[in-house]
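We count ligands from 1, going down the list as the structure has it; atoms in each ligand are counted the same way.
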Amino acid sequence: ASKWSYVGPDGEENWPKKYPFCGGVFQSPIDFHNDVLQYDSTLTPIDLVGYNVSFPEHFTISNNGHSVKMHLPSSMHIRSLPFRYTASQLHLHWGNRNKPMGSEHRIGGRQFAAELHIVHYNSDKYPDMATAVDKADGLAVLAIFIDIGNFNPSFEKIFCHFNAVKFKDQKIQVPGFNVQELLPTQLDEYFRYEGSLTTPPCFPSVLWTVFRNPVKVSQEQLLALQTALYCSQENDSAPLEMTDNYRHVQEFDERRVSVSFRE
Ligand SMILES: NS(=O)(=O)c1c(F)c(F)c(S(=O)(=O)CCO)c(N[C@H]2CCCc3ccccc32)c1F
Ligand SMILES: [Zn+2]
């Protein structure tokens with residue numbers, strides 16, 4: 001059983017004790033500050049295939065005690081990388097109602113309200129996620145910053161189900177929709193670097209693509225994300241709110257981040 005959390009004795013300071021890679025190299029998330037950025041003209045716009053999942057296809061949304069995640073069909077993949085990366089799941093990271101900033105990556109020290117991650121694995125080289133998860137070229141994660149703005153009907157297709165997955169191990173089937181609606185319009189502006197899973201086991205196996213432009217959800221939608229979910233199971237005598245499920249930024253000395261855009 002994955003015995004780690006974001007708070008207390010099993011919190012991130014102690015992850016390396018049980019998960020040695022968490023104390024290792026190429027750790028994520030990081031802060032994108034000017035002196036680590038380098039323009040790279042070879043970075044092409046992200047090309048997504050099969051993201052427009054329509055009815056009667058369904059997604060399974062589940063609460064795994066660390067985040068709310070949505071399992072994705074293997075018909076979804078990224079085409080524009082050196083290998084085909086097939087979608088596995090998406091999940092979110094967020095803060096709490098009193099301290100609402102909970103993104104993992106930061107831009108110039110600025111933290112956003114939340115962050116969406118779409119996890120893919122290298123299906124050209126590996127048969128499944130479990131095999132790919134600890135390989136250097138195993139994973140590719142798309143990261144989208146979430147900020148406060150107008151009501152977002154696309155995110156609502158996930159958020160409206162929170163009461164059905166309130167507690168750990170609960171799951172629900174939801175009708176398919178176009179996952180590309182969750183991404184910013186400009187898929188040509190992003191940060192790119194080699195990093196790691198931001199949760200244990202922290203394998204340095206992730207090619208990160210973090211889009212420059214945030215998407216918006218309303219204040220009320222963000223509050224739902226911050227207050228609807230629990231890490232604990234329904235019958236647990238000590239309910240534990242699922243908040244602040246983000247890792248703090250890691251040291252980034254001697255490493256570079258490529259950017260696909262000029263200022
Ligand atoms: N931020 S992050 O690094 O993208 C990230 C998370 F933050 C996160 F919480 C998860 S988790 O929900 O699975 C709970 C912790 O394993 C994952 N899962 C990945 C990696 C672990 C094994 C695995 C197996 C099948 C599908 C996805 C995954 C994760 F990749
Ligand atoms: Zn994540």
Side-chain angles (χ1 to χ4, degrees), residues 1-7 10-12 15 18-22 24-30 59-74 76-78 85-95 102-106 111-123 126-146 158 165 167-171 179 182-183 190-211 215 225 229-232 240 242-250:
S2 55
K3 184 99 169 60
W4 58 271
S5 77
Y6 287 98
V7 70
D10 296 325
E12 62 186 279
W15 288 355
K18 287 195 189 111
Y19 305 95
F21 284 103
C22 297
V25 295
F26 295 136
Q27 289 299 286
S28 296
I30 59 172
F59 300 126
T60 303
I61 294 179
S62 61
N63 176 335
N64 64 8
H66 304 296
S67 182
V68 56
K69 69 179 186 179
M70 189 163 90
H71 184 75
L72 300 171
S74 52
M76 290 173 58
H77 64 269
I78 303 172
Y85 283 86
T86 296
S88 173
Q89 53 112 289
L90 62 77
H91 62 268
L92 294 117
H93 302 269
W94 59 89
S103 71
E104 295 209 301
H105 291 90
R106 301 180 189 215
Q111 198 176 12
F112 293 81
E115 192 167 328
L116 170 70
H117 289 159
I118 310 178
V119 184
H120 304 71
Y121 71 93
N122 182 337
S123 49
Y126 308 108
D128 54 34
M129 184 68 202
T131 311
V133 74
D134 64 347
K135 308 299 187 294
D137 57 1
L139 306 186
V141 180
L142 302 181
I144 296 97
F145 289 119
I146 298 173
I158 298 173
V165 290
F167 301 103
K168 185 172 185 294
D169 301 331
Q170 290 183 331
K171 59 173 72 173
V179 175
L182 304 176
L183 276 73
Y190 55 85
F191 303 88
R192 163 69 50 74
Y193 77 102
E194 293 178 347
S196 75
L197 297 175
T198 67
T199 60
C202 304
F203 294 133
S205 59
V206 181
L207 184 65
W208 282 96
T209 299
V210 182
F211 291 104
V215 297
L225 181 60
L229 303 166
Y230 286 81
C231 303
S232 43
L240 201 59
M242 190 181 283
T243 55
D244 301 314
N245 58 347
Y246 64 92
R247 188 185 196 184
H248 288 83
V249 291
Q250 305 296 302

_Student check: side-chain heavy atoms of Val133 and Phe203 closer than 4.5 Å_ = yes
*Using a 4.5 Å cut-off on heavy atoms from C-beta on, say whether the side chain of His66 contacts that of Asn245.*
no
*Quick check: does any side chain N or O of Ser196 sit under 3.5 Å from a backbone N or O of Pro204, one acting as donor and the other as acceptor?*
no
*Looking only at atom types and distance, does a side-chain atom of Trp94 sit under 3.5 Å from a main-chain N or O of Leu225, one as donor and one as acceptor?*
yes
*More than 12 foreign heavy atoms under 6.0 Å from CD of Gln170: is that the case here?*
yes
*For the Zn ion (ligand 2), which protein N/O/S atoms are closer than 2.8 Å?*
His91 NE2, His93 NE2, His117 ND1
My understanding is that only one of [options] makes a side-chain contact (heavy atoms from CB on, under 4.5 Å) with [X]; could you say which?
X      : options                : value
His91  : Val68, Asn64, Val119   : Val119
Phe145 : Arg106, Glu115, Glu104 : Glu115
Leu182 : Ile158, Ile144, Ile146 : Ile158

*Is there a donor in the side chain of Thr131 and an acceptor in the side chain of Tyr121, or the other way round, less than 3.5 Å apart?*
no
Please tabulate, one line per pair, the protein N or O atoms found under 3.5 Å from any N or O atom of ligand 1, giving the distance to one decimal.
residue: ligand 1; atom: 1 (N); partner: His91; partner atom: NE2; Å: 3.4
residue: ligand 1; atom: 1 (N); partner: His93; partner atom: NE2; Å: 3.3
residue: ligand 1; atom: 1 (N); partner: His117; partner atom: ND1; Å: 3.3
residue: ligand 1; atom: 1 (N); partner: Thr198; partner atom: OG1; Å: 2.7
residue: ligand 1; atom: 3 (O); partner: Thr198; partner atom: N; Å: 2.9
residue: ligand 1; atom: 12 (O); partner: Asn64; partner atom: ND2; Å: 2.7

